[in-house]
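Just so you know, ligand 1 is whichever comes first in the structure, and atom 1 is the first atom listed for that ligand. Positions are given from 1, in the same order as the sequence printed here. Quantities reported herein were computed from a predicted structural model and do not represent experimental measurements.
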Amino acid sequence: MGKLRLGVNIDHVATLRQARYAATPESKNAEPDPVLAAAMAERAGAHGITAHLRSDRRHIQQRDIERLRAGIMTKLNFEMGNTPEILHIAIKSQPDEVCLVPEKRQEITTEGGLDVVAHRRELSPTIQRLHAVGIRVSLFIDPETEQVDAAAELGADMVELHTGRLANAFTEEIERQELSRLRACAQVAAELKLQVNAGHGINYQNIVLIHEIPHLTDLNIGHAIVSRAIFVGFENAVREMLELMQDYRG
Ligand code: PXP
């Protein structure tokens with residue numbers, strides 16, 4: 001079993017920049033710079049950088065994606081809603097991977113997984129267009145085996161299992177249920193030869209639970225790392241998370 005890899009989601013570095021510089025994100029004073037955070041994450045040993053270009057551009061801007069593409073040394077995972085505008089940008093920017101997520105304007109962060117079963121028809125041509133230009137495709141899904149099956153049928157390369165419900169479980173009972181759903185989906189996905197990733201709400205405490213999910217390759221973690229970085233610095237925050245990911249047994 002390979003080791004667990006960390007994709008650092010730098011969206012919230014851009015959230016802070018936009019809080020002050022939404023009108024002038026490219027001005028010389030605009031900070032903090034998500035591209036600098038990406039470089040620091042890589043220096044600390046992160047295996048990839050994740051960024052979500054939302055339709056409303058609330059954090060990451062198109063220019064950030066261009067600069068990330070030009071500057072990062074590991075891999076760029078581009079999170080996106082399935083819209084023609086954003087698909088066009090993805091194809092032009094050539095990230096290594098795309099993770100398709102549902103996107104609602106009102107949500108604070110991505111709330112649920114993609115309903116692959118219900119949206120097969122719209123997802124299929126998008127996956128094909130991304131594959132045609134050599135981009136690997138992940139689908140962010142709730143831990144339901146029907147969703148894993150549908151992802152495999154559509155030819156996705158990977159699934160990212162939504163760990164938000166596990167992260168936010170407020171009883172042991174919910175935690176146990178959710179872990180068992182995640183474990184079952186990881187198993188099914190691995191049997192279907194899908195790469196299994198996980199993300200959403202993972203932090204320095206609940207990461208111990210993630211070790212109980214088999215077959216994982218990438219974890220995408222944002223909010224907890226960016227928050228911790230305020231107190232210990234970006235590189236330290238990434239290093240501490242990497243340390244907690246060691247000894248994953250798959
Ligand atoms: N994975 C996906 C698909 C996401 O949408 C997000 C949130 O942007 C993350 C991972 C990271 O979640 P968090 O910020 O809670 O670590």
*Same cluster or not: are Met40 and Tyr204 linked, directly or through other Ile, Leu, Val, Met, Phe, Trp or Tyr residues, by side-chain heavy atoms under 4.5 angstrom apart?*
yes
*Below 4.5 Å, heavy atoms only, C-beta onward: do Thr15 and Arg58 meet side chain to side chain?*
no
_Contact with ligand 1 for Gly201, non-hydrogen, under 4.0 angstrom_ = yes
_His223: numbered ligand 1 atoms lying under 4.0 Å from its heavy atoms_ = 13 (P), 14 (O), 16 (O)
*asked:* Does atom CZ (Arg129) have a neighbourhood of more than 12 heavy atoms from anything else shown, all under 6.0 Å?
replied: no
*Ile60 and Ile10, any side-chain heavy atoms less than 4.5 Å apart*: yes
*Residue portion contacting ligand 1 (non-hydrogen atoms closer than 4.0 Å) for His52*: neither
*Answer with yes or no whether His200 contacts ligand 1, where contact means a heavy atom under 4.0 Å from a ligand atom.*
yes
*asked:* Just so I know, are the side chains of Gln94 and Leu76 near enough to count as touching, which here means a heavy-atom distance under 4.5 Å?
replied: no
*Which of these, Lys75, Arg69, Arg136, sits in a salt bridge (charged side-chain N to carboxylate O under 4.0 Å, His left out) with Asp96?*
Arg69
*Do any nitrogen or oxygen atoms of Ile221 lie less than 3.5 angstrom from nitrogen or oxygen atoms of ligand 1?*
no
_Check this for me - ligand 1, Asn220, N or O atoms closer than 3.5 angstrom, yes or no?_
no
*Run the numbers for me: atoms of ligand 1, each under 4.0 Å from some heavy atom of Val101, listed by number.*
3 (C)
*Quick one: look at Glu160 and ligand 1, take heavy-atom pairs under 4.0 Å, and tell me if it's side chain, backbone, both or neither.*
side chain
